[in-house]
Amino acid sequence: GKDLEEEENGGGDSAAVETTTSADEDAERLRKTVQSLFEEEEDLLNLHMSIIQENAELLTEEGRLLQSVQGDEVVDYDIDTYASCLGNILDRKTHMITDLQRKLASFRDQLRREEELSRKVGSLPDY
């Protein structure tokens with residue numbers, strides 16, 4: 001019984017070596033994840049900024065569009081053009097929002113992975 005128990009527990013040494021390797025691998029994965037997280041954050045912020053700028057331009061365009069159909073001399077043709085232009089603006093806004101939501105979801109996933117790896121690795125040396 002004792003020999004069998006020693007054999008079963010004897011694997012503990014190799015398990016400790018695997019754990020060390022695994023910790024090194026986890027630390028390296030965490031480093032890569034943190035680097036990727038920084039890149040994703042930068043991409044998210046840049047996309048958000050460009051969307052804010054495009055939204056400002058669209059707001060101006062919408063103001064002009066509304067002015068073009070507010071008046072006594074507006075004809076059906078003007079209303080058709082208004083409806084078509086408004087549809088295009090809304091499509092552009094929808095596309096921008098969808099892109100930003102996708103980028104945000106990707107960033108949040110990366111953030112979650114980084115937090116999980118950080119908990120698993122514990123404290124890392126500076127890198």
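For this chain, numbers begin at 1 and follow the sequence in order.
When the salt bridge (Lys or Arg N to Asp or Glu O under 4.0 Å) test is applied to Glu41, no partner is found at least two apart in sequence or on another chain. Every residue meeting the side chain to side chain donor-acceptor pair (under 3.5 Å) condition with Ser36, not counting sequence neighbours, appears here in chain and number order: Gln110. With sequence neighbours left out, the side chain to side chain contact (heavy atoms under 4.5 Å, CB included) criterion links Thr94 to Thr98. Applying the side chain to side chain donor-acceptor pair (under 3.5 Å) test to Arg108 and every residue at least two apart in sequence or in another chain returns nothing. Taking the side chain to side chain contact (heavy atoms under 4.5 Å, CB included) definition, one finds that Thr81 meets it with Tyr77, Cys85, sequence neighbours left out. Here Asp109 pairs with nothing under the salt bridge (Lys or Arg N to Asp or Glu O under 4.0 Å) rule; sequence neighbours left out. With sequence neighbours excluded, no residue forms a salt bridge (Lys or Arg N to Asp or Glu O under 4.0 Å) with Arg119. Annotation: salt bridge (Lys or Arg N to Asp or Glu O under 4.0 Å) contacts of Glu62 (sequence neighbours excluded): Lys93. Taking the side chain to side chain donor-acceptor pair (under 3.5 Å) definition, one finds that His95 meets it with Asp99, sequence neighbours left out.
Listed by first and then second residue, the salt bridge (charged side-chain N to carboxylate O under 4.0 Å, His left out) pairs that reach into residues 75-86 come to none, sequence neighbours excluded.
Ion pairing between Glu25 and Arg29 fails under the 4.0 Å rule for side-chain N and carboxylate O.
Hydrophobic clustering, defined by side-chain heavy atoms of Ile, Leu, Val, Met, Phe, Trp and Tyr closer than 4.5 Å, leaves Leu59 isolated from every other such residue. Grouping Ile, Leu, Val, Met, Phe, Trp and Tyr residues whose side-chain heavy atoms lie under 4.5 Å apart, directly or via other members, places Leu66 in a hydrophobic cluster with Leu37, Leu44, Leu47, Ile51, Leu58, Leu65, Val69, Val74, Ile79, Tyr82, Leu86, Ile89, Leu90, Met96, Leu100, Leu104, Phe107, Leu111.
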